[in-house]
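Since the structure is predicted, the reported quantities are computational estimates derived from the model, not experimental observations. So you know, we letter chains A, B, ... as the sequences are listed, proteins then strands, and number each from 1.
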Amino acid sequence: MSYYDIDSILTDAEKIPCTFQLDVPDLGYLDNTPTQPLKSGTKVGLPLWLAEMLAIANTGDVEGKSFVSFDLPRALGNDVLQALKADPRAVPLRDQSAHFYALATRMMELSEEQELPAVLRRTFVTRASEIALHARKVGGVGHSKGKGAAEEGSNLGIGGAGDEFLRGLDEWERNLFRKAHDGAKAGKEWMEGVKKH
Amino acid sequence: MPMYGDLGNKLVQHAKRTQNLAHLPAYQTELVRAVTREVRDLDRDTKNLLEPFQGSFDPSADQATACTLLVNHLAMRRNKRCLLAYHRTRTDKLEELVWNGVDVLDLAGQQAGGANGAGVADGGAGGSSSLSPQEEDYFRQYGDLLAAYKGQWTDIDLTGSLEPPRDLFIDVRVLKDAGEIQTEYGAINLTKNSQFYVRQGDVDRLIAQGYLMKLG
């Protein structure tokens, strides 16, 4: 993850629900009321680049409390986790966040949520194999090997559901899909080149 | 309600789109200016906030001010990152174009062609080029640098095609007047719509630049 990485910068813009732990007169604009002071206990959605530092910065307070406390964003909330536990393939991650995994990884560094890592790992593994499957089909490799109409038929059969699954991929998964697809295609082209010469 | 960093984010979204495009979209002069203005405003706010303390600010004694200062600082840092990443994405693209043998004049022409359509909607500088003046400089100087580097080897073309040629000689059609070129077999005058049977190595660059079209 580089300083210049565009996806990492966009992940940093994801909003996190935060609660201010002190009154700040000058920050009313964060709660859409620029003329009023921001009261302790106010809930605002702050981008990760702001929320992270405000949550971990040392305020110099004797009790060691920070400027804000935060919750997990809705994309990683209980509803989504329950759905992922039921069937990872049925959840369009992109609707939750275009940078779902990147956001989750960042949040795991900040939060002590116990269940999250295991659920996410299983989600990725299950979906990755599904992605690989789709990537090969689009490349048409199965068809070129001439395995017959049966396999081709099954491609057509799940075409609609497959499109929907691919639409729900987050940015990281999309990259994975693209790489798998390009790899299969390049492999196929190379094999055909070998035959010709 | 707009928030600090929103404009910077817009810039990065432009960069994201740029990554997936073959050409370089118009430079976001206005947006870049707005983001730098935001940084300047934040810096001024910070100075004003610190002024009454005369250089002896104690964060634990005035947490509300400390929090505001931190927010300002983070917003400035965020904007800096957005600006740098936007420009870096574009210079990466420019370097790629130089390696592909694209001419800076071609880039300008390409933009002029699309100017009455998408170019204007993009909200660019309104000039004929999709590059900022600084980017044009960068493009030219990087081109010079590459030419100097390539000049060290006379018997190999570093920017040549990686595909091994099937034939040494190929048929080409001239798409744009390209003047006279020198080859091992004498001079050829490339006038529009004429056809030639030439050595591929002699005309690779002209094909890449769109002067010639390979036939067959």
Exercise. Applying side chain to side chain contact (heavy atoms under 4.5 Å, CB included), run through B:Arg78 and A:Ile9 and close with a yes or a no.
Key: CA-CA 9 Å; B:Arg78 167 75 180 177; A:Ile9 297 178; 3.5 Å; yes
Exercise. For B:Asn9 and A:Leu10, run side chain to side chain contact (heavy atoms under 4.5 Å, CB included): C-alpha distance rounded to whole Å, both residues' side-chain angles, the deciding distance at 0.1 Å, then the answer.
Key: CA-CA 7 Å; B:Asn9 210 52; A:Leu10 290 174; 4.1 Å; yes
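Looking only at side-chain heavy atoms (C-beta outward), B:Val71 and A:Tyr29 come within less than 4.5 Å of each other. Residues B:Gln13 and A:Ile6 have side chains not in contact (no heavy-atom distance under 4.5 Å, counting atoms from C-beta outward). Residues B:Lys16 and A:Glu171 have side chains in contact (heavy-atom distance under 4.5 Å, counting atoms from C-beta outward).
Ranked by heavy-atom pairs under 4.5 Å with chain A, the list B:Ala15, B:Ala75, B:Gly5 is led by B:Ala75. Put simply, of B:Leu74, B:Thr89, B:Leu84, B:Asp45, the one with the most heavy-atom pairs under 4.5 Å next to chain A is B:Leu74. Ranked by heavy-atom pairs under 4.5 Å with chain B, the list A:Asp26, A:Asp23, A:Val68, A:Leu46 is led by A:Asp26.
In B:Leu158, the CG atom is crowded: over 12 heavy atoms of neighbouring residues, nucleotides or ligands sit closer than 6.0 Å. Heavy atoms from other residues, nucleotides or ligands lying under 6.0 Å from NZ of B:Lys150 number more than 12. At most 12 non-hydrogen atoms from other residues, nucleotides or ligands lie less than 6.0 angstrom from CH2 of A:Trp190. No more than 12 heavy atoms of other residues, nucleotides or ligands lie within 6.0 Å of CZ in A:Arg89, so this atom counts as exposed by the packing criterion. Heavy-atom contacts from other residues, nucleotides or ligands closer than 6.0 Å to CD of B:Gln152 number more than 12. Residue-environment remark: CG (A:Asp79) stays at or below the threshold of 12 foreign heavy atoms within 6.0 Å.
Contact annotation for A:Leu50: both backbone and side-chain heavy atoms come within less than 4.5 Å of a heavy atom of chain B. Residue A:Pro47 touches chain B through its side chain alone, counting heavy-atom pairs closer than 4.5 Å. With a 4.5 Å cut-off on non-hydrogen atoms, A:Asp7 touches chain B through its side chain but not through its backbone.
Rounded to the nearest 0.5 angstrom, B:Lys80 NZ and A:Tyr3 OH are separated by 5.0 Å. In this structure, OH in A:Tyr4 is found 13.0 Å from SG in B:Cys82, a value given to the nearest 0.5 Å.
When every heavy atom of A:Val24 is checked against every heavy atom of B:Ala64, the shortest pair comes out as CG1-O, 3.5 Å.
In summary, the side chains of B:Arg81 and A:Ser8 do present a donor paired with an acceptor at a separation below 3.5 Å, with no hydrogens or angles considered.
For A:Ala102, the side-chain contact (heavy atoms from CB on, under 4.5 Å) test picks out A:Thr11, A:His99, with sequence neighbours left out.
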